[in-house]
Amino acid sequence: MELQSLVLTSQLFLKNKPFEVTLTNAYMTWKEVSQPKRRKGSGGVSNSLRVGFCLAKIFQRGKSFSSGTPFVPVSEIISVQKAKVRKDTNDETKINGFTVFYVERRGHHRWRYRSASFYSNDLLLCHQWVQSLGERISLLTCRPRHLLVYINPFAGKQHGKKIYEQKVAPLFTLASITTDVIVTEHANHARDHLCTEADLRKYDGVICVGGDGMFSEVMHGLIARINQDNTTENLIQCNFRIGIVPAGSTDCVCYATMGINDPVTSALHVIVGDSQPMDVCSVHHYNTFLKYSVSLLGYGFYGDILTDSEKYRWMGPARYDFSGFKKFLSHHYYEGTISYLPAVGTLGSPRDKSRCKAGCFICFNSGEQLSKEKHRRSDINDNDFEGEWKYAKGKFLAINAACMSCACPRSPKGLSPAAHLADGTTDLIIVRKCSRLNFLRHLLRHTNKDDQFNLSFVEVHRVKKFKFTPKHLENESSDIKDAGKKIFDRICQDHSACCCTPVNSNWNCDGEILDHAEIEVRVHCQLIKLFARGIEEEFTCEEITESCMV
């Protein structure tokens, strides 16, 4: 098989011990020569190929394993460099060598880079290894060579510039990646620069150093630039990848696509050239476009938290906890009508036990369907095949839409654990009016293993579109009595001393407040791509051994 195509094998020294080093077109592995043979027929190049082939299959499934295994996929070799010539302590003979820098998994989805220096008396042999490894790396066309970097110096604890310079830039230099760095000076600086000034032909991707707000800026600028002449009904997919270096108060998008908020891990995903498509929701007020969203759209509880927290920015990230506690005690509910278009013909559901992982079949299948639809859309009106709209009317504590799990360190499962990154749907979560105790039960289930949807007052639907209309806007031709009630409700909302429930909440759109309560949301399948691969499954050394022995 192609995975077993042998490129080079030699006996080299690593830490003054002889190792048998093997390079194929798919992986590099090394085994100490003095290591005892476990059974007849094991050892040698053939055993290295057999074990490597098993491990390669594991990596193809998107699984990882703990550190210490002398096996490196070529796709995860960062670079190879000539090592400094050193002298043998015995006979003063010059010893040549080379150093391989590669990705190492440390567990809990954390990546680090590691190096191994191999030596030999044969100068030509070392050159051959450097050349062979360099050729294999150069064939990896998915890797970026030149990147545009935006740094938000005000994000989070204002450490964005320091994080990039100390943790990310040295890795890009090691991987021979050149960069153009722009430190943003005001809100929407990155968005405006991408829309009008940036020459995207020079770059292989764009990196944003900051939080979810910085990512949103870059995403909006990129989509607007690529779709200058298109409406939001017919958006063109953006193949220009976005990398996220987390440095904000919240890094939900980074956590949901990598499983961890770690700048070094993010940089290594960029270096190896990972690519993860992702859905984007477009939010409209009637026919007016408002915003794009990739993580959370929240009305009611989460919208109120964001609105209230703006008054306490001086508190830093703790302001969300403070405002959350306040809004939980106030227990406001809102009335209106939700209409939604259920997703038909998609795999999976919000209540199943599946999780969106690296190499997700559901997302892959959605991508295949999207490609087929592009060829037949020219003469077909999509509205004829939308299906039947459904409705939910009443009093709600919260209305949330999650395009991804929205997982974070405090909520490892997220708002919708089974949501997928790239299946062309969003999970609509409706929390109807209930007691404070029941609502607390629902919130606590975000932090444990209990099913947060297994409650009588909670509904979840996988949808492709939805609309929300507040009650006071449902009938624009109301009589004078209703108009008077609206005025009274408006006064109650403006005076905090009044105990009446306010007539409107605000929509929390990826951490930004929307100006309109009445909105329509459409999901655009796999509109953007990230330098990520989804969350890998953790794979132990024991499971690897069992796989290789089969």
Side-chain angles (χ1 to χ4, degrees), residues 150 188 190-191 194 205-208 210-227 232 235-246 248-259 261 266 269 274-284 289-299 302 306 356 360 363 366-367 370 400-408 411 414-429 462-466 507-514 519 521-535:
Y150 294 103
N188 294 321
R191 184 198 67 183
L194 273 171
V206 57
I207 309 299
C208 56
D212 290 335
M214 187 63 179
F215 170 77
S216 180
E217 272 195 44
V218 170
M219 176 187 67
H220 277 81
L222 193 59
I223 295 176
R225 177 67 174 271
I226 295 177
N227 290 275
T232 52
L235 294 175
I236 300 174
Q237 283 181 293
C238 305
N239 293 318
F240 197 75
R241 288 171 291 178
I242 304 173
I244 308 171
V245 176
S249 301
T250 58
D251 301 292
C252 175
V253 179
C254 184
Y255 193 94
T257 54
M258 299 182 191
N261 295 335
S266 297
H269 277 285
D274 281 338
S275 182
Q276 171 64 53
M278 195 160 68
D279 298 335
V280 176
C281 287
S282 61
V283 186
H284 308 259
F289 167 74
L290 298 179
K291 284 277 185 181
Y292 292 113
S293 170
V294 295
S295 55
L296 170 68
L297 270 168
Y299 184 85
Y302 289 104
L306 181 64
C356 189
C360 176
C363 294
S366 297
L370 182 64
N400 303 319
C403 269
M404 57 176 65
S405 66
C406 296
C408 64
S411 177
L415 285 178
S416 186
H420 287 267
L421 294 171
D423 67 342
T425 68
T426 186
D427 287 351
L428 178 63
I429 306 166
R462 186 152 287 176
V463 305
K464 292 193 173 183
K465 294 181 180 180
F466 75 91
W507 281 96
N508 178 343
C509 179
D510 290 359
E512 295 187 23
I513 299 171
L514 296 184
I519 64 169
V521 179
R522 310 162 190 164
V523 184
H524 304 273
C525 185
Q526 302 188 7
L527 184 61
I528 62 173
K529 289 184 179 179
L530 303 185
F531 281 108
R533 65 174 60 176
I535 299 176

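These numbers come from a predicted model, not from an experiment.
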Between the CG atom in Leu530 and the CZ atom in Arg241, the distance rounded to the nearest 0.5 Å is 10.5 Å
Partner residues of Ser295 under the side chain to side chain donor-acceptor pair (under 3.5 Å) criterion, sequence neighbours left out: Asp510
Straight-line distance of His420 NE2 to Ser405 OG, nearest 0.5 Å: 10.5 Å
Please report the C-alpha distance between Asn261 and Cys254 in whole Å, then the side-chain angles of each, then the deciding distance to 0.1 Å, and finally whether the side-chain contact (heavy atoms from CB on, under 4.5 Å) criterion is met. CA-CA 6 Å; Asn261 295 335; Cys254 184; 3.8 Å; yes
In terms of the angle between their ring planes, are Phe289 and His220 parallel, tilted or perpendicular, with boundaries placed at 30° and 60°? tilted
Least distance between heavy atoms, Asp423 atom then Cys525 atom: C-SG, 4.2 Å
Stepwise, does the side-chain contact (heavy atoms from CB on, under 4.5 Å) test hold for Thr257 with Leu421? CA-CA 8 Å; Thr257 54; Leu421 294 171; 4.0 Å; yes
Return the minimal non-hydrogen interatomic distance between Asn508 and Tyr302, and the atom names on each side. ND2-O, 3.4 Å
Enter the distance from Ile242:CD1 to Ile528:CD1 here, rounded to the nearest 0.5 Å. 4.5 Å
Do Val523 and Thr425 touch side chain to side chain, with heavy atoms closer than 4.5 Å? no
With rounding to the nearest 0.5 Å, note down the distance linking CD1 in Ile207 to CZ in Phe215. 11.5 Å
What I'd like to find out is whether the side chain of Leu514 reaches to under 4.5 Å of the side chain of Val283, using heavy atoms alone. yes
As a test of understanding, state which of Met214, Glu217, Met219 forms a side chain to side chain contact (heavy atoms under 4.5 Å, CB included) with Cys208. Met214
Short question: side chain of Asp427, backbone of Ala402 - any donor-acceptor pair under 3.5 Å? no
Can you list everything that forms a side chain to side chain donor-acceptor pair (under 3.5 Å) with Asp274? Sequence neighbours excluded, please. His269, Arg533
Heavy atoms, side chains only, cut-off 4.5 Å: are Cys252 and Cys406 in contact? yes
Say whether, by atom type as modelled, one donor and one acceptor occur between the side chain of Ser293 and the main chain of Cys281 under 3.5 angstrom. no
Shortest non-hydrogen separation from Asp279 to Gln526 and the atoms involved: OD1-N, 2.8 Å
Note, Gln237 side chain near Leu370 side chain (heavy atom, < 4.5 Å): yes
CD1 on Ile226 to CG on Leu527, rounded to 0.5 Å: 8.5 Å
I'd like to check Met404 versus Cys356 (side-chain heavy atoms, cut-off strictly below 4.5 Å). Are they in contact? no
Is there a side-chain contact between Met258 and Gln276, using heavy atoms and a 4.5 Å cut-off? no
What distance separates Arg462 CZ from Thr426 OG1, expressed to the nearest 0.5 Å? 9.0 Å
Would you say the side chain of Ile223 lies within less than 4.5 Å of the side chain of Cys238, judging by non-hydrogen atoms? yes
On a heavy-atom basis, the closest approach of Tyr292 and Cys509 is O-SG, 3.7 Å
Any idea which heavy atoms bring Leu194 and Val218 closest together, and the distance? CD1-O, 3.5 Å
Under 4.5 Å between any side-chain heavy atoms of Trp507 and Val521, yes or no? no
Considering all heavy atoms, the nearest Lys464-Gly424 contact: CG-O, 3.8 Å
